[in-house]
Amino acid sequence: MPVSVNLTNVSKSIGKKKVLDDISINFTAGRLHGLIGSEGAGKTTLIRVIMELLRHDAGEITWFEDGARKDFSELREKISYMPGTQSLYPDLSIDEHLTFFSDLYRLPKEEFAEQKERLLKITRLEKFLERRARELSGGMYKKLGLMCALLQRPKVLLLDEPTNGVDPISRREFWEMLYSLAAEKILIIISTAYMDEAERCHEAHLLDAGKHLVSGEPRKLLADAGVSSFDEFYIKRSAK
């Protein structure tokens, strides 16, 4: 059953700084949503608030499953989160990571074996099972993190700048994986500071200094703003 989440007038301050300022966004089920903005836009804070790793100060976050309203606690096991910071264990191999997270999620052996084979095929990491995390390239490291997040077959996937610092070829491969997941009706929310990646999303949500600027289908947003790229969009806005 598809899962969606709506944010209504969500605000969050850290110390005296307002890092999220009255944000309202609807994240519809089965779509690839991009949180777009430069450093300090509020992307990471917004993802952590959605995940309830941080408490918001004002506003409402409402979850739905198959159109019915749900408490976050009812959906928690169906949501996976991949943080932007390094979160894997450097001395564990790819195979050991998958086994560890399988135990953490309490997956039945048959389900784990099926998921492991499927995810290794998608990421093309079958030949590197014994390689330790600290020996992986940036792209391979991010793929391993994605595999660990996907083992439990989530309905919602929250990715905080997963392609940051990754080479162009690995970035392209990562996005190909996201498209295949979106085709399975998973709600994907991905944050990125790469403006070209905004155009790869089904829906882009542009943020700046904690404020939500606009949301919509990328090509329409560009057309409405009279620009040809999201870099140009932000340059034009800053010039006002």
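A heavy-atom distance below 4.5 Å is not found between the side chains of I189 and L157. Contact annotation: the side chain of M195 approaches that of I36 to within less than 4.5 Å [non-hydrogen atoms, C-beta and beyond]. Put simply, the side chain of T99 reaches to within 4.5 Å of the side chain of D103, judged on heavy atoms. Here the side chains of D66 and P2 are in contact, with some heavy-atom distance below 4.5 Å. The shortest side-chain heavy-atom distance between E199 and R219 does not fall under the 4.5 Å cut-off. Residues L92 and L88 have side chains not in contact (no heavy-atom distance under 4.5 Å, counting atoms from C-beta outward). Using a 4.5 Å heavy-atom cutoff, the side chains of V156 and L75 are not in contact. Two residues are said to be in side-chain contact when any heavy atoms from C-beta on lie closer than 4.5 Å; M147 and L98 meet this criterion.
Expressed to the nearest 0.5 Å, how far OH of Y81 lies from CE of M51 amounts to 8.5 Å. The CG atom of L107 lies 8.0 Å from the CZ atom of F112; values are rounded to the nearest 0.5 Å. A distance of 9.0 Å separates CD in E114 from CD in E110, rounded to the nearest 0.5 Å. Note that the CD atom of E126 and the CD1 atom of I94 stand 10.0 Å from one another [nearest 0.5 Å].
Looking only at distances, a side-chain donor or acceptor of K12 sits under 3.5 Å from a matching main-chain atom of R55. Between the side chain of T123 and the backbone N or O of L119 there is at least one donor-acceptor pair closer than 3.5 Å. A donor-acceptor pair under 3.5 Å links the side-chain atoms of E232 to the main chain of S228, judged by distance alone. S13 contributes no side-chain N or O that, together with a main-chain N or O of K16, makes up a donor-acceptor pair within less than 3.5 Å. Side chain of E74 to main chain of D71: a donor-acceptor pair is present (N/O by atom type, distance under 3.5 Å, no hydrogens or angles). Distance alone, capped at 3.5 Å, is enough to place a donor-acceptor pair between the Y105 side chain and the C148 backbone. The backbone N or O of G42 lies less than 3.5 Å from no partner atom in the side chain of T45, so there is not a single donor-acceptor pair. With hydrogens and angles ignored, the 3.5 Å screen pairs no side-chain donor or acceptor of H212 with any backbone N or O of L207. With hydrogens and angles ignored, the 3.5 Å screen pairs a side-chain donor or acceptor of S80 with a backbone N or O of A149. Looking at K142, its side chain does come within 3.5 Å of a backbone N or O of P162 through a donor-acceptor pair.
Listed here is the closest heavy atom pair of S24 and N9: OG-N, 2.8 Å. Closest non-hydrogen pair, E96 versus D91, comes out as OE1-O, 4.0 Å. Scanning all heavy atoms of the two residues, the minimum distance from L187 to F27 falls at CD2-O, 4.0 Å. When all heavy atoms of P218 and A198 are compared, the closest pair comes out as CG-O, 3.3 Å. Taking all atoms of both residues into account, the shortest heavy-atom contact from H202 to A182 is CE1-CB, 3.9 Å. Across every non-hydrogen atom of R131 and M140, the tightest pair is NH1-CE, 3.9 Å.
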Show your working on side-chain hydrogen bond (donor to acceptor under 3.5 Å, both in side chains) between T192 and E197 and close with a plain yes or no.
CA-CA 7 Å; T192 180; E197 291 189 336; 2.6 Å; yes

Applying side-chain contact (heavy atoms from CB on, under 4.5 Å) to W175 and L32, what does each step give before you reach the verdict?
CA-CA 10 Å; W175 276 92; L32 204 167; 3.6 Å; yes

side-chain hydrogen bond (donor to acceptor under 3.5 Å, both in side chains), that's the test. Do T44 and E161 meet it? Break it down for me.
CA-CA 8 Å; T44 295; E161 299 197 354; 5.1 Å; no

I'd like to know whether E203 forms a side-chain hydrogen bond (donor to acceptor under 3.5 Å, both in side chains) with T28, so could you lay out the CA-CA distance, the side-chain angles of the two residues, the decisive distance to 0.1 Å, and finally the verdict.
CA-CA 9 Å; E203 294 184 42; T28 51; 3.3 Å; yes

Are L159 and L146 close enough, and set up right, to give a side-chain contact (heavy atoms from CB on, under 4.5 Å), and what steps lead you there?
CA-CA 9 Å; L159 306 172; L146 183 61; 4.1 Å; yes

Please test I190 against L35 for side-chain contact (heavy atoms from CB on, under 4.5 Å), starting from the C-alpha separation and ending with a verdict.
CA-CA 6 Å; I190 176 173; L35 295 175; over 6 Å; no

Could you walk me through whether Y89 and F100 pass the ring pair (Phe, Tyr, Trp, His ring centres under 6.0 Å) test, one step at a time?
CA-CA 10 Å; Y89 299 95; F100 172 78; 5.5 Å; yes

Begin with the C-alpha distance, continue with both residues' side-chain angles, and end with the deciding distance and a verdict on side-chain contact (heavy atoms from CB on, under 4.5 Å) for N164 and Y194.
CA-CA 8 Å; N164 187 31; Y194 293 119; 3.8 Å; yes

Apply salt bridge (Lys or Arg N to Asp or Glu O under 4.0 Å) to D95 and K116, showing your working.
CA-CA 9 Å; D95 195 37; K116 178 180 176 180; 2.5 Å; yes

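A salt bridge does not link D167 to R171: none of the charged nitrogens lies less than 4.0 Å from a carboxylate oxygen. Note on D208 versus K43: no salt bridge recorded, every NZ/NE/NH1/NH2 to OD/OE distance being 4.0 Å or above. A salt bridge links E173 with R124: the closest approach of a Lys/Arg side-chain nitrogen to an acidic carboxylate oxygen falls below 4.0 angstrom. Using a 4.0 Å cut-off between charged nitrogen and carboxylate oxygen, D57 and K18 do not count as a salt-bridge pair. Using a 4.0 Å cut-off between charged nitrogen and carboxylate oxygen, K78 and E65 count as a salt-bridge pair.
Exactly one residue among R118, R31, R153 makes a salt bridge (Lys or Arg N to Asp or Glu O under 4.0 Å) with E184. That residue is R118.
A continuous path of Ile, Leu, Val, Met, Phe, Trp and Tyr side chains, each step under 4.5 Å between heavy atoms, connects W63 with L53, placing both in one hydrophobic cluster. One hydrophobic cluster, built from ILVMFWY side chains closer than 4.5 Å, cannot hold both L213 and V10; they sit in different ones.
Between F230 and F233, the two ring planes are tilted [angle within 30° to 60°].
A side-chain donor from one of H33 and H205 sits under 3.5 Å from a side-chain acceptor of the other. Looking at S11 and D22, their side chains never bring a donor and an acceptor atom within 3.5 Å of each other.
Around the CD atom of E176, the shell of radius 6.0 Å holds more than 12 heavy atoms that belong to other residues, nucleotides or ligands.
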